[in-house]
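The structure appears right after this line, and notes come after that.
We name chains A, B, ... by the order of the sequence lines, and we start the count at 1 in each one. Nothing here was measured: the structure is a model prediction, and the numbers come from that model. What's counted below: heavy atoms across the whole structure, side chains too, no hydrogens, waters or symmetry copies.
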Amino acid sequence: MRWSRAYIPTLRDDPTDAEAISHKLLVRGGFIRQLMAGSYSLLPLGKRVADKVIGIIRQEIEAIGGVEFELPVVHPGEVWKRTGRWDSVGDELLRIKDRRGADLALALTHEEIFTLHAGELASYRDLPQLWYHFQTKFRDEPRAKGGLLRVREFVMKDSYSFDLDTAGLDVQFDRHFEAYKNVFRRIGTDAVSVEASSGVMGGTESIEFMVRSDSGEDDIAICPACDYAANTEKATSALPAFGDQVWKAPPERFPTPGIRTIAALQEAEGFASAPQQIKTLAYVIDGQMTLLLLRGDHELMEQKLIDGTGTADIRPAHPEEIRRALGADPGSLGAVGVSHLPVIADPALEGRTNMVTGANEDDWHLRGVDVARDIEVSRWLDLRKVKAGEACPRCGAALALDRVIEVGHIFKLGTKYTEALGVTVLDPDGIERLVVMGSYGIGIGRAVAAAVEANHDESGIAWPAAIAPYEAVVTVVKADDPATLAAADEIYRGLLAAGVDVIINDRDERPGVKFADAELIGFPYRVTVGPRGLADGEVEVMRRRGRDKSTLPVGEAVAVVAAAITAERTL
RNA sequence: CGGGCUGUGGCGCAGCUUGGUAGCGCACCUGCUUUGGGAGCAGGGGGUCGUCGGUUCAAAUCCGGCCAGCCCGACCA
């Protein structure tokens, strides 16, 4: 490609609306432009990178037996109604009507439609199957942000496995796990796999692939000593036993005028350190007011509540509701003596005695509470958010918390969708069996952004060769000098002939501008051809990563660069 | 959805308080000089000031509605 014929609109300044590094660099480098909130056009460079990522994913999924489809983006609402997601998903699903008034939905994901097609499977002999495609999804996120990191419209690779039983699903799941590790390594991200919540997808087990970045929106707990790693939506930790002093008497009321917070109570009373308090939260779950109990210094992780109760219909109770149900305002609540409401308690409270909690009367608290004796717990459920430094549940080492970007997610779906849509096959005994499914996604744009987050420096992006928009740039120092241009052109053609994806910067610009653009865009190799070097029969080769330069005889440049790129391409 | 903020040429911004000929830097075009790390000089092109309405002799500027975008939070496969 000749730069003079390409469309590469680079910008000198960061766009004002960008925060994330990948957002700034992708816009400045001329890879993407925003159309509206959460919606980006890929410019030619962005398209080339995305295509290379797609190519790598395609290779890896084909390698584990995947066959490629392409499913529509506009779906009949009826299918989404049959699986129940028309109602359960909410406003994220963009609904439209056609001219006849029929309900349509924009694809949020493609479980429904792939499962529908799987209805043609008839025999166990047809299984296993592994189907995938690259297709646009639209999710009407309330708040898009971070450039390509969190958008409303995006292309995803999603694959779906169909098996006769869970053993088959396990095999396909494990194969995806390996394939995903390969993909993320090849695109230059050091992705870690973590246990995850399955959210509204349903299913029994799921693993997320995470890339560390301050621009991320998820947190993971990761053990430095063993292989434990989990999304904080799911992570747990081992807590040391708390040495409570025994209090034999029944709970005792004591006045706490004006005290409404755990911190204030800890401040006021020596016997009420935060871990000695019971935090009481009032939530409305599926319309039912419920008390949630946590240790005073612990925080609620709402996703655990959703996963544990099996409903996403949860919200904190309003102050009026609380007053009506308990007779006190938040800050003075407790579960002692409460029998008319369900009480869900975190296991960190199990067996604790001599604790402090609200008395359900403003300005009064109770001390000497024995959880087992004084509180009617209807259900124990891990609800707390893990904190950095707590002990790994497997090996006891201190857990670290990292901010990450979710770049891939694989789910064991089971029969949720095949059951809803009636997808069965006959097994060897002629018995009808529900097909067992898995689903596996990678967001292409997010993977590109994550690769930038992981591969950049102060002057721009430093793409891994495998996904760079071009693997090399030939920079013509003096484009209006025929001899220089001719020499550069010869190297350019030589690289093309050697199979290198190369662009020649033949524009009549000052060298500094061309160097800066090359580094901003992040081509892995730069060959600089100028009159000064040519006078000595030399050109300069610079590797983007590390920016180490070397001077080579003109005649050797093609072979050296081609060899270096060939080696890096397959890393 | 709650809170904060912003819409002025392709990009980044000033002008708005105190109404009166729309301005700066970058980018772009022409010429000359320059050319191995974001050149200099000279000349030039380009803007319904987000949008609709109101106030006024007069609105980028004051008032109101709407729209869009950004940030924090809630939310999120």
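Per the geometry, CG belonging to Leu94(A) stands 18 Å off P belonging to C76(B), to the nearest Å. Remark: C1' of C76(B) and CZ of Phe411(A) are 12 Å apart, rounded to the nearest angstrom. For the pair Asp140(A) CG and C76(B) C1', the interatomic distance rounds to 12 Å; values are reported in whole Å. Here G38(B) presents its C1' atom at 12 Å from CZ of Arg507(A), a figure rounded to the nearest Å. Rounded to whole Å, atom C1' of G12(B) lies 5 Å from atom CG of Asp13(A). Spacing between atom CG of Asp14(A) and atom C1' of G10(B) amounts to 17 Å, rounded to whole angstrom units. One atom, CZ of Arg12(A), and another, C1' of C13(B), lie 16 Å apart when rounded to the nearest Å. If you take CZ of Arg33(A) and P of C11(B), they are 9 Å apart, rounded to a whole angstrom.
Taking the six-membered ring for Trp and thresholds of 30 and 60 degrees, Phe134(A) and Tyr132(A) have ring planes more than 60 degrees apart, a perpendicular arrangement. The aromatic rings of Phe523(A) and Trp3(A) stand perpendicular to each other, their planes meeting at an angle above 60°, with 30° marking the opposite boundary.
Between Glu538(A) and Arg532(A) there is no salt bridge, since none of the side-chain N atoms of the basic residue sits less than 4.0 Å from a carboxylate O of the acidic one. A salt bridge between Asp103(A) and Arg95(A) is absent, with no side-chain N of the basic residue lying under 4.0 Å from a carboxylate O of the acidic one.
Sequence order on RNA chain B of the closest nucleotides to Thr528(A) and Gln34(A) puts Thr528(A) first from the 5' end. Place Lys549(A) and Pro15(A) on RNA chain B by their nearest nucleotides, and Pro15(A) ends up nearer the 5' end.
When every heavy atom of Gly216(A) is checked against every heavy atom of Ile405(A), the shortest pair comes out as CA-CG1, 3.7 Å.
Taking atom C1' in both G38(B) and C62(B), one finds a spacing of 43 Å when rounded to whole Å. The gap from the C1' atom of A27(B) to that of G44(B) amounts to 15 Å, rounded to the nearest Å. Across the P atoms, G23(B) and G9(B) are found 14 Å apart, a figure rounded to whole Å. G7(B) and C66(B) are spaced 14 Å apart, taking the C1' atom of each and rounding to whole Å. Rounded to the nearest Å, the gap between the P atom of U51(B) and that of C71(B) is 24 Å. Using atom C1' as the reference point in both G15(B) and C24(B), the two lie 10 Å apart (nearest Å). Of the P atoms belonging to U61(B) and U8(B), the separation is 14 Å, rounded to the nearest Å. The P atoms of A39(B) and C1(B) are separated by 48 Å, rounded to the nearest whole Å.
The base-pairing partner of G38(B), taking Watson-Crick or G-U wobble contacts with both distances under 3.5 Å, does not exist among the strands shown. Using the Watson-Crick or G-U wobble rule with both distances under 3.5 Å, G73(B) pairs with C1(B). Judged by Watson-Crick or G-U wobble contacts below 3.5 Å, the nucleotide G43(B) has C29(B) as its partner. Checking U51(B) for Watson-Crick or G-U wobble geometry (two distances, each under 3.5 Å) identifies G65(B) as its partner. Pairing of U21(B), defined by two Watson-Crick or G-U wobble distances under 3.5 Å, is not identified with any nucleotide.
Distances shorter than 4.0 Å separate none of the side-chain N or O atoms of Arg510(A) from OP1 or OP2 on G37(B). Within the 4.0 Å cut-off from OP1 or OP2 of C11(B), not a single side-chain nitrogen or oxygen of Thr16(A) is found.
Which of G37(B), G69(B), C76(B) sits closest to the side chain of Arg547(A) comes down to G37(B). Listed nucleotides: C72(B), G38(B), C70(B). Nearest to the side chain of Lys145(A): C72(B). With C71(B), G38(B), A74(B) as the choices, the nucleotide that has an atom nearest any side-chain atom of Ala516(A) turns out to be G38(B). Distances were taken from every side-chain heavy atom of Asp517(A) (C-beta onward) to each of U35(B), C70(B), G38(B); the shortest belongs to G38(B).
Contacts of residues 477-491 of chain A with RNA chain B (heavy atom under 4.0 Å): Val477(A), Lys478(A), Asp480(A). RNA chain B is contacted by Gly530(A), Arg532(A), Gly533(A) of residues 530-539 of chain A, taking any non-hydrogen atom closer than 4.0 Å.
Heavy atoms of other residues, nucleotides or ligands lying less than 6.0 angstrom from CG of Asp214(A) number 12 at most. Atom CZ of Arg315(A) sits in a crowded spot, with more than 12 heavy atoms from other residues, nucleotides or ligands closer than 6.0 Å.
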Exercise for review: Please lay out, stage by stage, how Phe209(A) and Phe177(A) fare under the test ring-ring contact (aromatic ring centres under 6.0 Å, His included).
Suggested key: CA-CA 9 Å; Phe209(A) 290 81; Phe177(A) 182 83; 5.6 Å; yes
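At a threshold of 4.0 angstrom between heavy atoms, the contacts of Met156(A) include nucleobase atoms, whether or not backbone atoms are also involved. In this structure, Ala37(A) reaches the sugar-phosphate backbone alone: every heavy-atom distance under 4.0 Å involves primed, P, OP1 or OP2 atoms, never a base. Contact annotation for Arg28(A): base contact, defined as any heavy-atom pair under 4.0 Å involving a base atom. Using a 4.0 Å heavy-atom cutoff across all strands shown, Lys514(A) reaches no nucleic acid atom at all. Residue Glu519(A) is classed as a base contact, given a heavy-atom separation below 4.0 Å to a base. Base engagement by Phe154(A) is indicated by at least one non-hydrogen atom pair under 4.0 Å involving a base atom.
Contact annotation: side chain of Arg152(A) to base of C76(B), donor-acceptor pair absent below 3.5 Å. Applying the 3.5 Å distance criterion, the base of G37(B) shares a donor-acceptor pair with the side chain of Arg526(A).
With hydrogens and angles left out, the side-chain atoms of Glu195(A) and Asn231(A) include no donor and acceptor closer than 3.5 Å. With hydrogens and angles left out, the side-chain atoms of Thr232(A) and Lys234(A) include no donor and acceptor closer than 3.5 Å. Judged purely by distance below 3.5 Å, without hydrogens or angles, the side chains of Asp158(A) and His133(A) pair a donor atom with an acceptor atom.
Checked against side-chain hydrogen bond (donor to acceptor under 3.5 Å, both in side chains), Asn455(A) has the following partners two or more places apart in sequence or in another chain: Arg545(A).
Taken to the nearest 0.5 Å, the CD atom of Glu519(A) stands 9.0 Å off from the CD atom of Glu458(A).
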